[in-house]
Protein chains: 2
Amino acid sequence: MNAPAAAQMIRCSDCPIRHRAVCARCDSDELEQLEQIKYYRSFEAGQTIIWSGDRMEFVGSVVSGIASLTQTMEDGRTQMVGLLLPSDFVGRPGRDSAAYDVVATTDIMMCCFRRKPFEQLMAETPHVAHRLLEMTLDELDAAREWMLVLGRKTAREKIASLLGIIARRNSVMAPSEFRDGIVFDLPLTREAMADYLGLTLETVSRQISALKRDGVIRLQGKRHVTVPDMARLMDEAGDDGDGGFPL
Amino acid sequence: MNAPAAAQMIRCSDCPIRHRAVCARCDSDELEQLEQIKYYRSFEAGQTIIWSGDRMEFVGSVVSGIASLTQTMEDGRTQMVGLLLPSDFVGRPGRDSAAYDVVATTDIMMCCFRRKPFEQLMAETPHVAHRLLEMTLDELDAAREWMLVLGRKTAREKIASLLGIIARRNSVMAPSEFRDGIVFDLPLTREAMADYLGLTLETVSRQISALKRDGVIRLQGKRHVTVPDMARLMDEAGDDGDGGFPL
DNA sequence: CGGAACATTGAGCACATTCAACCGAGGTGG
DNA sequence: CCACCTCGGTTGAATGTGCTCAATGTTCCG
């Protein structure tokens with residue numbers, strides 16, 4: 001609840017997600033308008049940023065860190081329905097109350113816009129709305145890929161798919177060696193992975209151990225992963241060699 | 001391949017989906033422009049409308065009938081990732097090749113727009129783009145609801161969820177008696193239901209039989225369903241009484 | 001040192017799948 | 001007209017994947 005000192009002001013032009021977020025297409029004029037209605041908030045890992053059903057006071061972008069979108073049934077069963085990475089957009093313009101819980105998976109910094117002014121701005125300037133459409137279409141594609149994972153893949157394939165996605169994302173940041181070995185840290189606990197994949201945390205643990213035993217991955221500690229042969233991993237994920245996952 | 005006589009011209013103002021489709025917000029001017037680039041195509045049940053990977057020549061709206069969006073793995077496992085009802089939009093502006101198979105589930109009529117002119121029009125007029133954003137956000141919500149169904153629900157709950165959605169959709173068309181009994185025809189085969197729910201067709205059949213045995217539903221023939229107590233069905237679906245599914 | 005949070009592993013079980021037989025309706029051809 | 005086929009659907013028996021329950025391990029932090 002106490003806003004840490006981290007919530008210092010960043011000028012939009014210096015923003016690390018300037019070119020990928022909902023503001024990517026804005027000209028300097030529009031950026032100026034956004035600058036007027038934005039504010040930063042940071043959250044610690046584990047904090048709930050938005051409760052499902054709550055009134056949405058703001059929409060915004062993830063600047064740094066990771067958050068998850070989750071749904072929970074009355075008996076406690078939980079399904080993650082979105083993984084929010086830096087530059088991803090949170091909230092739905094035009095909707096009053098939140099449809100999902102948004103939880104900080106790691107410490108996170110958000111760039112928030114008060115909802116009403118943002119909606120106003122969206123109606124007036126085409127660039128924000130257009131970029132949001134583009135991002136929403138991408139998210140829809142990602143959601144549909146996940147429907148295949150959830151509905152039809154085995155536990156082992158699910159884990160391999162998730163590792164593949166995380167590896168792929170990292171490879172955007174370090175596009176150098178992709179073919180022959182890639183290294184990354186898992187940003188999720190076993191439980192969070194289970195919630196993403198529609199598995200139990202025990203099954204996640206077992207399958208990770210199995211992939212390690214079979215030499216598909218190597219582990220240092222519980223989170224640091226080495227994938228010696230990316231093609232092998234994609235094969236385990238059940239994806240055809242070429243295509244695979246967008247996002 | 002032979003376009004049946006059904007593909008007669010309909011004036012946009014007389015169109016049955018005029019107020020719900022991507023053109024819903026258009027003024028008469030914009031409608032005129034759409035009228036220029038549209039054409040109708042009909043497909044028979046079972047026909048593939050678009051093959052995944054194919055070049056997208058057109059985007060469009062479902063006018064009547066039902067189509068499904070599916071993904072298939074190399075070994076044949078299939079997951080439906082979208083159910084396209086009248087007024088739903090097909091295709092992604094800005095994308096050259098299709099990401100999914102689009103298959104006609106019933107006989108279907110489509111209102112198609114040549115892609116390039118449509119993209120042009122979208123860039124110039126705000127109403128189409130805005131409506132498309134709205135529809136895409138709705139689809140994303142629906143996809144996320146399905147992720148919960150696919151990832152966390154039991155076979156019985158999955159079937160109940162699907163029946164609930166179809167019942168709900170029908171209730172839009174016949175909003176009269178919703179509380180005490182609703183009747184509808186299943187637009188899907190057992191296999192299509194299985195592909196939607198991430199189950200086998202045998203499991204679908206068994207669970208439908210079980211729901212019938214337990215008095216949750218009644219059946220006449222294989223497709224005609226009566227739900228005597230909607231609240232009971234929603235309960236079987238694992239949804240809390242009030243909320244439930246959007247779309 | 002003790003406790004908490006995260007993770008691993010084992011044993012038994014249950015639910016959904018697999019494989020297979022069978023049913024009924026509708027269509028076609030001899 | 002009936003035999004035959006196909007298609008969609010139902011049902012049964014055996015199997016197996018992933019879940020449940022439970023114990024144990026590891027790391028970190030007060």
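Here the structure is a predicted model, which is why all the values come from computation and not from measurement. Letters A, B, ... mirror the listed sequences (proteins, then strands); counts begin at 1.
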* Phosphate OP1/OP2 of dC19(D) contacted by Thr203(A) side-chain N/O (<4.0 Å) -> yes
Heteroatom pairs (N/O) under 3.5 angstrom, protein to nucleotides 19-23 of chain C:
{"unit_1": "dC19(C)", "atom_1": "N4", "unit_2": "Glu202(B)", "atom_2": "OE2", "d": "3.2"}

* Find the distance Gln207(B):CD to dA16(C):C1' and express it as a whole number of Å. => 9 Å
* Assign Gly46(A) to base, sugar-phosphate, or nothing according to its heavy-atom contacts below 4.0 angstrom with the strands shown. => nothing
* Asked: Would you say a side-chain N or O of Thr200(A) is under 4.0 Å from OP1 or OP2 of dC19(D)?
  -> yes
* Asked: What is the distance from NZ of Lys153(A) to P of dA16(C), rounded to the nearest Å?
  -> 22 Å
* **Under 3.5 Å donor-acceptor, Ser68(B) side chain and Leu83(B) backbone** => no
* To do: Grab the CG-C1' distance between Asp195(A) and dC6(C) for me, whole Å please.
  => 14 Å
* Asked: Would a distance-only check, ignoring hydrogens and angles, find a side-chain to backbone donor-acceptor pair under 3.5 Å from Arg20(A) to Ser87(A)?
  -> no
* Asked: Atom CZ of Arg213(B) to atom P of dG12(D): distance rounded to whole Å?
  -> 11 Å
* **Single hit among Val90(B), Leu85(B), Val102(B) for side-chain contact (heavy atoms from CB on, under 4.5 Å) with Val62(B)** => Val90(B)
* **Validation row: Thr78(B), Asp101(B) side chains within 4.5 angstrom (heavy atoms)** => no
* May I ask you to evaluate whether Ser209(B) reaches the phosphate of dT11(D), defined as a side-chain N or O under 4.0 Å from OP1 or OP2? => yes
* Asked: Where the side chain of Arg223(A) meets the backbone of Phe184(A), is there a donor-acceptor pair that is under 3.5 Å apart?
  -> no
* To do: Rounded off to whole Å, could you give me the CG-to-P distance for the Leu219(A) and dT9(C) pair?
  => 10 Å
* Asked: Out of dA16(C), dG9(D), dT8(C), which nucleotide sits closest to the side chain of Lys222(A)?
  -> dT8(C)
* Rounded off to whole Å, could you give me the CG-to-C1' distance for the Leu201(A) and dT20(D) pair? => 11 Å
* To do: Check for a donor-acceptor pair, side chain of Gln71(B) on one end and backbone N or O of Arg144(A) on the other, with a separation under 3.5 Å.
  => yes
* To do: Provide, to the nearest angstrom, the distance between the CD1 atom belonging to Ile159(B) and the C1' atom belonging to dA16(C).
  => 12 Å
* **Distance in angstrom units between Lys212(B) NZ and dT11(D) C1', rounded** => 12 Å
* Hey, which sits more toward the 5' end of DNA chain D by its nearest nucleotide, Arg156(A) or Gly221(B)? => Gly221(B)
* Contact class for Ile208(B) vs. all strands (heavy atom < 4.0 Å): base, sugar-phosphate, or nothing? -> nothing
* Side chain of Ala155(B) (C-beta onward), nearest among dA7(C), dA16(C), dT8(C) -> dA16(C)
* To do: Tell me which nucleotide among dT17(C), dG8(D), dT8(C) gets nearest to the side chain of Ser205(A).
  => dT8(C)
* To do: Output yes when a side-chain donor or acceptor of Asp107(A) lies under 3.5 Å from a complementary backbone atom of Glu44(A), and no otherwise.
  => no
